Amino acid sequence: MLMKIYNTLTRKKEEFKPLEGKKVRMYVCGPTVYNYFHIGNARAFLVFDAFRRYLEYRGYEVTYVQNFTDIDDKMIKRAEKEGITVKELADRFIQEYFKDADALGIKRADYHPRATEVILDIIEMIKTLMDKGYAYEVDGDVYFKTRKFKEYGKLSHQNLEELEAGARIKVEDKKQNPMDFALWKKKKPGEPSWLSPWGEGRPGWHIECSVMARKFLGDTIDIHAGGPDLIFPHHENEIAQSEGATGKPFARYWMHIGYLNINDEKMSKSLGNFYTAREVIQKHDPEAVRLFLLSAHYRNPINFSYELIQQAEKGLERLYNALENLKHLESVAEERELTPQDKQLLNKFNAYKEEFIKVMDDDFNTADGVAVLFELVKEFNTNIDEKASRKVITAAKNLLLELGGVLGIIQQRGEEKLEEEIEKLIKKREEARQNKNWELADRIRDELKEKGIILEDTPHGTRWKKI
RNA sequence: GGCGGCAUAGCCAAGUGGUAAGGCAGAGGACUGCAAAUCCUUUAUUCCCCAGUUCGAAUCUGGGUGCCGCCUCCA
């Protein structure tokens with residue numbers, strides 16, 4: 001069965017066939033590194049990270065590119081405000097990006113190019129566009145001639161006339177048409193600049209992605225993805241530039257997530273309803289954030305609140321409890337021949353796995369994937385105990401970790417060790433319980449709780465966990 | 001004006017023709033020395049409203065109501 005992917009270009013779910021065998025060329029628009037990224041950005045990075053993981057899980061060989069925009073108006077403004085260079089600003093927030101992205105379990109891309117690293121390639125592409133009549137220069141600025149690109153508007157499903165009619169931007173005298181956009185911007189005093197055939201200046205925003213995608217992935221890529229606000233104008237413009245320059249289709253599948261809102265309103269600085277990913281993961285388990293964001297369909301809008309993150313945290317706890325229980329059972333169960341019941345259980349596990357694949361194959365339905373994980377946990381909690389063969393327990397544990405790994409959850413908490421002193425206390429409490437000295441046992445339990453160790457007495461021994 | 005999305009239990013949320021997943025919260029019960037974890041039962045005769053198509057609709061069609069987004073930098 002082929003996977004299906006919803007394509008913004010056709011507004012339909014399509015069967016996913018990469019250009020070349022099992023190779024997938026994937027480009028995701030990255031952040032402008034003038035600040036910490038916010039929780040809305042996080043949704044995009046995290047969702048597409050999960051899709052990449054799933055594609056790899058399904059045996060695709062994914063080349064994943066995510067850029068850093070390190071030169072634009074916002075960068076210049078912020079650097080000026082901070083009294084540092086644009087380069088220093090970029091270096092700093094690229095580092096900060098990786099701190100937060102790593103914490104959220106977002107895997108590193110194969111390539112993380114910066115716009116300023118590909119200036120020569122940008123100039124080359126602009127030259128090509130000028131040669132082909134898709135661009136024109138006016139006094140050191142270069143613009144893309146949207147009227148020349150016949151399919152302009154095909155991604156956002158607008159036609160140029162309507163766009164022009166609805167254009168709220170001021171008509172700049174320099175542009176031939178209000179929808180034309182800058183490929184190259186003439187240097188203003190004090191701005192970083194590069195030498196070009198049109199004089200000193202810097203690239204426009206849209207051209208960098210066209211160039212980086214092509215440089216690292218080729219003329220035609222499989223998946224181009226990003227936030228919903230990029231559909232127009234950014235991705236529309238990328239198509240115009242890339243297809244204008246190469247004459248080939250730019251991206252075969254365009255994927256866009258839904259907005260992340262705060263109280264049903266778009267998150268924006270002017271409304272003051274703005275959360276950086278960093279402040280959220282300082283307060284809550286990053287895996288809970290992942291679980292929260294993957295619990296809804298990626299194309300639907302999602303409302304952010306700390307209350308909902310807390311709900312997700314509880315759910316995550318349930319998953320971890322199951323995992324910890326399995327680990328504990330594994331340590332006490334015996335290795336023995338599989339009974340027919342054991343075999344039946346293993347078959348069931350396999351059915352859950354197939355269900356997971358079935359729902360994820362259908363346009364990455366992570367919400368259903370998460371549901372399968374919870375159903376699996378219920379199955380384990382109900383039907384596996386210390387009498388099960390260790391083989392079954394290990395298989396259960398591995399499946400939970402395997403499917404959780406695809407979504408990037410239940411991966412963080414590893415094997416923890418206890419200090420000797422605490423182990424002694426736990427033993428002491430065991431003895432007290434043997435002697436039915438409940439008072440002492442409870443006192444030790446309370447004492448350990450204050451130290452962040454929770455004890456749970458199970459039929460097959462005491463289990464501990466850290467909070 | 002053009003384009004588009006959404007409306008499912010207290011909360012979150014999946015489900016696009018076959019008789020309402022999953023999570024959180026709540027109630028009752030089991031287990032436990034007590035807890036915790038876990039399990040069982042329970043919580044939408046019903047999916048914004050009206051009409052229609054159909055043997056059958058949350059899912060399709062028409063109409064209505066409400067909310068939101070894009071068309072301008074933004075993931």
Side-chain angles (χ1 to χ4, degrees), chain A residues 8 11 13 28-32 37-48 69 72-74 77 153 156-159 161-170 178-179 205 225-234 236 256-261 264-269 277 291-292 295-297 299-303 305 307-322 324-325 328 355 359 362 365-378 380-385 433 436-439 441-442 445-446 449 454-459 462-465:
Chain A
T8 306
R11 288 184 173 161
K13 271 188 205 172
V28 178
C29 284
T32 301
F37 64 87
H38 58 64
I39 192 70
N41 298 315
R43 184 180 186 192
F45 304 150
L46 194 152
V47 159
F48 293 119
T69 298
D72 83 332
D73 291 343
K74 292 194 293 287
K77 218 168 145 188
S156 55
H157 301 271
Q158 309 265 351
N159 64 57
E161 286 69 39
E162 281 159 0
L163 285 167
E164 285 169 8
R168 278 182 272 159
I169 49 174
K170 328 177 249 239
M179 296 318 293
W205 174 37
D229 42 1
L230 296 183
I231 298 172
F232 190 91
H234 186 238
E236 196 71 72
H256 297 93
I257 59 166
Y259 273 103
L260 182 140
N261 299 322
D264 286 321
E265 284 176 315
K266 186 175 164 178
M267 181 160 61
S268 81
K269 281 179 180 167
L291 180 60
F292 167 66
S295 290
H297 190 98
R299 282 188 277 112
N300 285 156
I302 199 169
N303 233 340
S305 77
E307 195 192 333
L308 295 174
I309 297 290
Q310 276 163 19
Q311 285 192 8
E313 227 159 18
K314 296 270 179 57
L316 182 69
E317 214 47 49
R318 179 171 164 81
L319 299 177
Y320 266 116
N321 275 331
E324 292 305 319
N325 275 326
H328 190 245
E355 177 67 14
V359 300
D362 186 8
N365 194 331
T366 57
D368 277 343
V370 165
V372 171
L373 231 52
F374 279 105
E375 284 165 11
L376 195 61
V377 158
K378 170 93 123 206
F380 295 162
N381 288 336
T382 309
N383 291 320
I384 298 181
D385 59 24
R433 289 185 74 227
K436 298 200 188 298
N437 185 349
W438 310 123
E439 199 204 336
D442 288 354
R445 186 167 63 190
D446 289 344
K449 190 176 177 185
I454 302 262
L455 295 186
E456 294 173 0
D457 301 319
T458 74
T462 297
R463 184 166 90 76
W464 58 269
K465 64 180 176 184

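Keep in mind that this is a model prediction, so the values were computed, not measured. Excluded from the calculations below are hydrogen atoms, water molecules and symmetry mates; all remaining heavy atoms, backbone and side chain alike, are included.
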Identify whether any heavy atom of [X] sits under 4.0 Å from a base atom; if not, whether one sits that close to sugar-phosphate; answer base, sugar-phosphate or nothing.
X	result
A/R445	base
A/G40	base
A/D368	base
A/N159	nothing
A/D72	nothing
A/I257	base
A/L260	base
A/K314	sugar-phosphate
A/H297	sugar-phosphate

In whole Å, I'd like the distance from the [atom1] atom of [X] to the [atom2] atom of [N].
X	N	atom1	atom2	answer
A/N437	B/C34	CG	P	16 Å
A/F45	B/A75	CZ	P	7 Å
A/L291	B/A13	CG	C1'	12 Å
A/D442	B/C34	CG	P	11 Å
A/E456	B/U38	CD	P	8 Å
A/Q311	B/G10	CD	P	14 Å
A/K436	B/G33	NZ	C1'	7 Å
A/I384	B/A37	CD1	C1'	16 Å

Taking the [atom1] atom in each of [N] and [M], what is the distance between them to the nearest angstrom?
N	M	atom1	value
B/U8	B/G23	C1'	15 Å
B/C6	B/A35	C1'	45 Å
B/A9	B/A44	P	11 Å
B/U65	B/A27	C1'	36 Å
B/C70	B/A75	C1'	14 Å
B/A58	B/A25	P	30 Å
B/A14	B/U59	C1'	13 Å
B/C11	B/G26	P	15 Å

Would a 4.5 Å heavy-atom cut-off, applied to side chains only, mark [X] and [Y] as touching?
X	Y	value
A/I231	A/H157	no
A/H38	A/L260	no
A/K74	A/T69	no
A/K465	A/E317	yes
A/M267	A/N261	no
A/L230	A/C29	yes

Pairs: protein N or O with nucleotides 65-70 of chain B N or O, under 3.5 Å:
residue, atom, partner, partner atom, Å
B/C70, OP1, A/K266, NZ, 2.5

Practice task
Report the C-alpha separation of A/E456 and A/T462 in whole Å, then their side-chain angles, then the decisive distance to 0.1 Å, and conclude whether the side chain to side chain contact (heavy atoms under 4.5 Å, CB included) test is met.
Solution key: CA-CA 6 Å; A/E456 294 173 0; A/T462 297; over 6 Å; no

If you only use heavy atoms from C-beta on, which nucleotide in [options] is closest to the side chain of [X]?
X	options	value
A/T382	B/C3, B/G22, B/C39	B/C39
A/P233	B/U38, B/A75, B/U72	B/U72
A/L230	B/G33, B/A75, B/C12	B/A75
A/N321	B/A21, B/C24, B/A37	B/A37

Base paired to [N] (Watson-Crick or G-U; both N/O distances under 3.5 angstrom):
N	result
B/A75	none
B/U45	none
B/C24	B/G10
B/C67	B/G5
B/C60	B/G52
B/C39	B/G29
B/U16	none

Exercise for the section: Please figure out whether A/G258 or A/L455 has its closest RNA chain B nucleotide nearer the 5' end. Expected result: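 Closest to the 5' end, via its nearest nucleotide, is A/L455.
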
Fill in the blank from the handout: Taking for A/R11 and for A/R433 the nucleotide of RNA chain B with the nearest heavy atom, the one nearer the 5' end belongs to A/R11

Would you indicate, yes or no, if [N] has its OP1 or OP2 atom less than 4.0 angstrom from a side-chain nitrogen or oxygen of [X]?
X	N	answer
A/R299	B/G4	no
A/N300	B/A14	yes
A/N325	B/A37	no

Practice task
In plain terms, say whether A/R445 and A/D442 are close enough for a salt bridge, that is, a side-chain N and a carboxylate O under 4.0 Å apart.
Solution key: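 Salt bridge present between A/R445 and A/D442.
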
Problem - For the student: nearest non-hydrogen atoms of A/A322 and A/V377, plus distance - result: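 That closest heavy-atom pairing would be CB-CG1, 3.6 Å.
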
Problem - Under 5.5 Å and under 30°: A/W438 stacked on B/G33 - result: yes

Exercise for the section: Would you confirm whether A/R43, through its side chain, and A/G227, through its main-chain N or O, come within 3.5 Å as a donor-acceptor pair? Expected result: no

Exercise for the section: Take A/R299 and A/T8 through the test side chain to side chain contact (heavy atoms under 4.5 Å, CB included) and record every step on the way to the result. Expected result: CA-CA 10 Å; A/R299 282 188 277 112; A/T8 306; over 6 Å; no

